[in-house]
Structures are given as structure tokens and as C-alpha cells.
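Nothing here was measured: the structure is a model prediction, and the numbers come from that model.
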Amino acid sequence: MKFFGFRGGVHPPENKIQTENMAVEEVKAPKMLYVALLQHIGAPLDPIVAVGDRVLKGQKIADSQAFMSSPIHSPVSGTVKRIEDHVFPLMGRIKTVIIENDEQETWAELSKIEKWENVDRRTLLTMIREKGIVGIGGASFPTHIKLDPPADAKIDTLLLNGAECEPYLNSDNRLMIENPEKIVNGIKIIKKILGVNRAIIGIEENKPEAIASMRKAVEGTGIEIAPLKTKYPQGGEKQLIKAVLDRQVPSGKLPSAVGVVVQNTGTAAAIYDSIVNGIPLIEKVVTVSGKGIINPKNIKIAIGTPFSYLLDYCGVNREVVDKLVMGGPMMGMAQFSEEAPVIKGTSGLLALTKEETNPYKTRACIGCGKCVEACPMGLEPLMFARLAAFEQWEQLKEYSLMDCIECGSCAYICPANRPLTEAIKIGKSKLRAMKK
């Protein structure tokens, strides 16, 4: 396939070699699990279990009547010990169901649709929601909503994101190498739901083993493989669409506006597991890496597992850790506590040393324009920082602040080490507050 590329972008050190050849290890769940009641973009959930209840593995424990919601299931069998606010990896504290693992692995009765070809799309969408499937590439958008675009949207292409462009991370890479069939079968289900014939998997060229694995798996299916020249942030939906299909998503619009639906390869595999095997989203493959980790690994772990458990399993030298990050170093979230739990959007946990975080001194902007050149959305990050410094929030709208995908390319490339991404996030929060 022809590669069209996208504007801007940067080439940070990949740092994938530490775990790219490490097979995924299945790790036993800890004694206590902390299942946060917000694991997706949208409304928080309400618990449907009470303190003292015995729960089974895969049993639904929280749900909501809100449109933008997706239920949560117990990752183990055990007893609900508490329902209270607990440390949350994305923001402060949030209501959490705390479950004591009985280590019996007793499953709830699982509903499934083994002959999914014989049911209608609405039945499949309902099952995907019921199993709590959300985008597991990081954004955690409820999948049943994303796969149900507006009736007037003419979708012709399903695009699978296998770029995994963030440094250090290898969870999608290992999935494509070790379980390509699950991805392919998930794609077939998604194609039926969307009513499309064309499906393309975009994979960056720094993952040759994954490309070979997926090429073999798609033989005879009509699914295409698109090798991508490695550049960050190619995993962004709009950047991936431009690179593979040469289509430009208009400002303020979704990919459906140009006839495309984008799904992560891991989400496709989760869809297959949910429909055919009846398994809800209760586990995640997480890359644990960074120079603070003694034995970097890719591990499959129960959602709700405290980060401290992952760190201890892989071996951590806490004395040298300067920053703990959930996700990748470019878009990940720095953590203030090891007791925050794994959530559906957790793709990595990085224990970074000062050598890796490279503490810097901020200097005055020299107006070089490198941040503008690097911005994949064609924005002017230097203006965001200047306006934010003077609290001119209204004027940020004129520079299309809300189009920013917060990829961090501008801050990475800035020779003056300006905290541009931080200014952007503050500006966005101010504009959202002004709307209320």
C-alpha cells in the first residue's frame, strides 16, 4: 500500500528493545483489588453490589443508565470488602469497589454468541456493551458507541491501529505477535457490525515481527496490512487516517465524517473474546519498563491491581525512580501514588530515572517555530503558551486550542524547554469551565 504520511511529528528515542522480545507473562491477581468506577470516557458508574457480597469472576459489579457508559466486571472471585474513594491514576481519588480475592477463580455464568455470523448487528453491539469493552489504546471510548456511527455517515473503511508509537510500550506489539488470530476474528465481527468490506491494519515498520505475524494471519481474508514509516504520534486517529488513506478529518469532526472507523488492535481482540468466549474486559496486557525496573516485562494482569504489585513483580529500585508514569512518556500520566490501580486504559507502567526524565531548566521562548513544525494538527503551540501565561483564555479559541490532541510533540521539540503541553491542558480546562 502507498504510505501518505502526516504533517509534523517527532522521533523520540523508542526504548522498546527492553521488552519487544519478551513474551507476555500471565500474573496471578493480588489479594486485594481496587476496581475504580470510572474506566472510560463518559459517566461514572454506580455499584450494583454491596459490602459483604460475594462476587464471581466476570460478574458485573457496576453500571449506569447514562448513554456514554460501559459496565465494569469483577476481575476475580471474592468478597466486596469496601466501597469508598481510592487513589485513581487519572485524577485524585474516585469511588472504588475493593474486592478481596478468594483465589478460587470461580467464574460467573458467561453469556456468549459463538455463531455471531447468524445474529444482527444490534445484538452484537448490545453484547459488546454488556461485556464492558472500551478502546484499550488509551482513550477508553465505549466501543459499542464508536461502532454505531450516525445513520448519515457513509462508512467504507475499518482502520486498525497497530502503530503503538509511544516509546517503551509493547503490549499491542506482543498481542499481534502472539495472538493475531484473535485480532483477525475481532476484525471480522467489527466488519459485520459496520457493514464494510475494507479493513486495514496500520503497523509501524519498527515492528517487523508483528507485521509478519499479522500478514500470515490475514491470508485469504481480504484484510490489508499497511506498514507505516515510524513517527510519533502516528497512533492518533487523524494522523493514522491521513497516513494510510490520505483523508483529512475536518476540525471538530470525527473519523466517521470521512468514512472511517478506527479501532485499536487490542480492542478487536477483546471484542472477539467478549462475543465468542463471553469474557468481559477484566484483564490488561501492560508493559512495565524504565531504568528503575530491574526486569522489564510485558504482563497480563487483572484490572484493579495496584501499581505497587506490578513494580514488585518486575523488581523496582525505588531509590532511583524519579517519576512513575502510567502509559507512555509522551502522553502518559505521572502518578503520585503506587497504590493507584490498573484500569482498562492502562497500557504501560514506567519507572523512570532522572537520566530518562532529564530534568530541565525552562528558558524564554525564542520564537523559533519548531513547535509549529512539529504539531501534527497544524496548530501554534507557542501562542497557546503565551496566551495562557497572560490568562487570555477566550483568545485561545481563535487558535483552535480544542483541536490539540495533547501528544506532547511541541514540548518535546522545544529548545527552550517550555512546558507547552501543560499550558495547553490548563487552557482546555479553563475553556471547558467557561462553557458551564
Handout entry: All pairs passing side-chain hydrogen bond (donor to acceptor under 3.5 Å, both in side chains) where residues 412-427 contributes a residue, at least two apart
Key =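 Checked against side-chain hydrogen bond (donor to acceptor under 3.5 Å, both in side chains) - neighbours excluded - no pair reaches residues 412-427.
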
Problem - side-chain hydrogen bond (donor to acceptor under 3.5 Å, both in side chains) contacts touching residues 299-313 (sequence neighbours left out) - result: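 Every side-chain hydrogen bond (donor to acceptor under 3.5 Å, both in side chains) pair that includes a residue of residues 299-313, provided the two are not neighbours, is Glu25-Tyr313, Ser308-Glu339, Asp312-Arg318.
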
With sequence neighbours left out, write down each residue that passes side-chain hydrogen bond (donor to acceptor under 3.5 Å, both in side chains) with [X], or none if nothing qualifies.
X	result
Asn277	Asp273
Ser74	none
Gln39	none
Arg93	none

Exercise for the section: Would you check if there is a donor-acceptor pair between the side chains of Asn298 and Thr287 at a distance under 3.5 Å? Expected result: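 Thr287 vs Asn298: donor-acceptor pair found between side chains.
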
Which side-chain N or O atoms in residues 110-117 pair as donor and acceptor under 3.5 Å with protein atoms at least two apart or in another chain?
unit_1, atom_1, unit_2, atom_2, d
Ser111, OG, Lys131, NZ, 3.4

Quick one: list whatever passes side chain to side chain contact (heavy atoms under 4.5 Å, CB included) with [X], sequence neighbours left out.
X	value
Asn173	Glu20, Glu164, Asn170, Ile177, Lys207, Ala210
Ser251	Asp403
Leu175	Asn179, Ile183, Ala269

Handout entry: Whether over 12 other heavy atoms sit under 6.0 Å from Lys28 NZ
Key =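 No, not enclosed.
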
Exercise for the section: Applying ring-ring contact (aromatic ring centres under 6.0 Å, His included), name anything that partners Tyr272, two or more places apart in sequence or on another chain. Expected result: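 Testing Tyr272 for ring-ring contact (aromatic ring centres under 6.0 Å, His included), a comparison that skips the adjacent residues, returns none.
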
Problem - Partner residues of His86 under the ring-ring contact (aromatic ring centres under 6.0 Å, His included) criterion, sequence neighbours left out - result: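 Partners of His86 under the ring-ring contact (aromatic ring centres under 6.0 Å, His included) test: Tyr34.
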
